[in-house]
Each structure stands twice: as C-alpha cells, then as structure tokens.
Amino acid sequence: SLVASYIIRAYAATLKPFTTDHIWAELDRLGIGPPPEPRAMGNLIIAAKRSGLIIETGRYPKTERPVAHKRPVTEWVGAVERGVITERPR
C-alpha cells in the first residue's frame, strides 16, 4: 500500500531501529486495516531494502502482534547511520 510505503520511509528517516510491528501499529493508528494479503508487507520491506532505503540491524526481536505468535522479526534501520551512507546494493 502507498500509505505503508510512506510509513516505512518515515521510519527510515528517523535512523532509529524499527520492525514491521511499528508499521502495522501506525496503520492501525491511522484506521487503515490490513491488506487483503498481509504478506504484502514483506514485499514493501524488500523493495525498501533493495532500493537502499533500509538495512538490517542483525537483531531479530519477537513480534508483539498476536497473529504472529511471538516469532522473530527482522529489525531495520534507515540506510544512513551515524553520518555514514551505507553501500547501496548493485
């Protein structure tokens, strides 16, 4: 969704770590329900990663979303961290 993509960009700009839990919570706060296919969130995250917008932190906290049963989720951060631009994928 366009709104979810915007939210991912907003979190990346903060340069603070985030997970898809943060994106889902913001969608809920805005009154936007889940997409017909919830796995679509993964496609948005992968697109943001491939574009060089976000990178993995290497941490995998457990999700807070009950539907995901406390499984580990990838933690992400904006690709500009500590003033250093990370290498973009080729």
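Predicted model, so just to flag it, every value in this text is computed and none were measured. Side chains included, hydrogens not; waters and symmetry mates left out as well; all remaining heavy atoms used.
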Next on the checklist: Taking side chain to side chain donor-acceptor pair (under 3.5 Å) as the definition, give me every residue that meets it alongside Glu26, ordered by chain and number, with sequence neighbours left out.
Outcome noted: Arg29

With a 3.5 Å cut-off and sequence neighbours excluded, list the donor-acceptor pairs that the side chains of residues 39-46 form with protein atoms.
residue : atom : partner : partner atom : Å
Arg39   : NE   : Glu37   : OE2          : 2.9
Arg39   : NH2  : Glu37   : OE1          : 3.3

Checklist outcome for this item: Value for CZ (Phe18) from OG1 (Thr74), rounded to nearest 0.5 Å, stands at 10.5 Å

Next on the checklist: Could you measure the distance from the CH2 atom of Trp76 to the OG1 atom of Thr19? Nearest 0.5 Å is fine.
Outcome noted: 11.0 Å

Item to check | For the student: nearest non-hydrogen atoms of Ala79 and Gly52, plus distance | outcome: CB-O, 2.9 Å

Item to check | In one Ile/Leu/Val/Met/Phe/Trp/Tyr side-chain cluster, 4.5 Å: Ile54, Leu27 | outcome: yes

For residues 3-16, tabulate all N or O donor-acceptor pairs below 3.5 Å that involve a side-chain atom, not counting sequence neighbours.
residue : atom : partner : partner atom : Å
Ser5    : OG   : Ser1    : O            : 3.3
Thr14   : OG1  : Tyr11   : O            : 2.6
Thr14   : OG1  : Lys16   : N            : 3.2

Item to check | Partners meeting side chain to side chain donor-acceptor pair (under 3.5 Å) with Asp21 (sequence neighbours left out) | outcome: Thr63

Checklist outcome for this item: ring pair (Phe, Tyr, Trp, His ring centres under 6.0 Å) pairs touching residues 40-60, sequence neighbours excluded, are none

Checklist entry - Shortest non-hydrogen contact from Pro17 to His22? => result O-CE1, 4.4 Å

Next on the checklist: Among residues at least two apart in sequence or on other chains, which ones pass salt bridge (charged side-chain N to carboxylate O under 4.0 Å, His left out) with Arg71?
Outcome noted: none

Item to check | Leu30 CG: over 12 foreign heavy atoms closer than 6.0 Å | outcome: yes

